[in-house]
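Comments concern the structure below.
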Amino acid sequence: MQLPDWLLNLEPLLVHVLLFVVLLIEGIGVPGIPFELLWVTEGLLIHAGKTTFWEAVLWGTLGNWIGNVLGYLFGHKIAAYLPEKARNAVQLEDVKRWYDKNDFWVIVISRWLGFLRTPFILYAGLAGVGFRRFSVFSLIGAALWVGVWQYGLWKSGEAFLKWWQQYQIWIIAGCVLIALISVGWMLLRKPQLQKQK
């Protein structure tokens with residue numbers, strides 16, 4: 001499969017640094033960070049021989065792990081800036097109860113579930129989890145999480161690119177149609193919402 005020239009000309013170090021920064025922000029506990037595209041890009045660069053799977057996993061793991069540690073250290077301050085829904089997804093008492101039962105599994109598994117990830121990172125210190133335990137378990141969790149995602153998107157990215165090259169006009173047309181329908185629906189719904197107020 002022929003990869004686009006612009007992709008082949010990307011500097012792998014730039015992609016690694018972007019992945020590091022994005023996963024650091026995500027690792028702090030900030031919800032809704034679109035990191036998947038960078039993993040797909042890393043995967044395509046791996047496929048092209050421009051980088052290796054292990055380099056991508058190393059950069060991603062370090063970014064996510066450092067983000068987890070920063071979230072632990074400054075979680076109570078960071079939480080004040082998050083949307084209320086993300087802040088209150090799980091209460092501190094619930095976090096303490098889960099950590100008391102089995103902190104290793106909570107730290108490793110919560111990162112796979114977006115609605116749990118934020119409170120379990122930001123409230124870990126307040127819940128009484130020791131810094132060393134949290135740091136070690138977070139490193140294990142980050143390595144597993146990044147490794148599985150990177151591997152999956154490396155292998156599926158090539159298939160997606162091939163699919164995109166065949167059907168891009170239809171994909172773009174579909175996206176435009178969905179956007180137009182969404183805008184139309186919001187414009188029609190706006191007067192109804194104003195009447196309800």
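Residues passing the side chain to side chain contact (heavy atoms under 4.5 Å, CB included) test with L14, sequence neighbours excluded: E11, L18. Every side chain to side chain contact (heavy atoms under 4.5 Å, CB included) that L144 has, sequence neighbours left out, goes to V108, I140. For L139, the side chain to side chain contact (heavy atoms under 4.5 Å, CB included) partners at least two apart in sequence or on another chain are T61, W65.
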What pairs of donor and acceptor atoms, side-chain ones from residues 25-36 against any protein atom, are under 3.5 angstrom apart with sequence neighbours left out?
residue	atom	partner	partner atom	Å
E26	OE1	N64	ND2	2.7
E26	OE2	R117	NE	2.4
E26	OE2	R117	NH1	3.4
E26	OE2	R117	NH2	3.3

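When atom types are taken as modelled, the side chain of Y72 and the backbone of F134 share no donor-acceptor pair closer than 3.5 angstrom. Between the side chain of E55 and the backbone N or O of T52 there is at least one donor-acceptor pair closer than 3.5 Å. The backbone N or O of V146 lies less than 3.5 Å from no partner atom in the side chain of Y151, so there is not a single donor-acceptor pair.
Interatomic distance, NE2 of H16 versus CD of E42, reported as 5.0 Å (0.5 Å rounding). The CH2 atom of W145 sits 9.0 Å away from the CG atom of N68 when rounded to the nearest 0.5 Å. Interatomic distance, CG of L73 versus OG of S135, reported as 7.5 Å (0.5 Å rounding).
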#### Entry: Full working for side-chain contact (heavy atoms from CB on, under 4.5 Å) between L62 and F20
CA-CA 7 Å; L62 286 177; F20 175 90; 4.0 Å; yes
### Verdict with supporting geometry, W154 and V40, side-chain contact (heavy atoms from CB on, under 4.5 Å)
CA-CA 6 Å; W154 165 29; V40 170; over 6 Å; no
### Query
Going through the distances and angles, do V15 and L45 end up as a side-chain contact (heavy atoms from CB on, under 4.5 Å)?
CA-CA 9 Å; V15 178; L45 291 175; 3.8 Å; yes
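Residue pairs meeting the salt bridge (charged side-chain N to carboxylate O under 4.0 Å, His left out) criterion with at least one member in residues 130-148, sequence neighbours excluded: D103-R133.
Apart from I181 itself, the hydrophobic cluster it occupies contains L177, where clustering links Ile, Leu, Val, Met, Phe, Trp and Tyr at side-chain heavy-atom distances under 4.5 Å.
In this structure, L24 and L70 have side chains that are in contact, with non-hydrogen atoms separated by less than 4.5 Å. In this structure, the side chains of I121 and I107 stay at 4.5 Å or more apart for every pair of heavy atoms.
Ring centers of W59 and W39: at least 6.0 Å apart, outside the cut-off.
The two atoms that bring G147 and V57 nearest to each other are CA-CG2, 4.0 Å, heavy atoms only.
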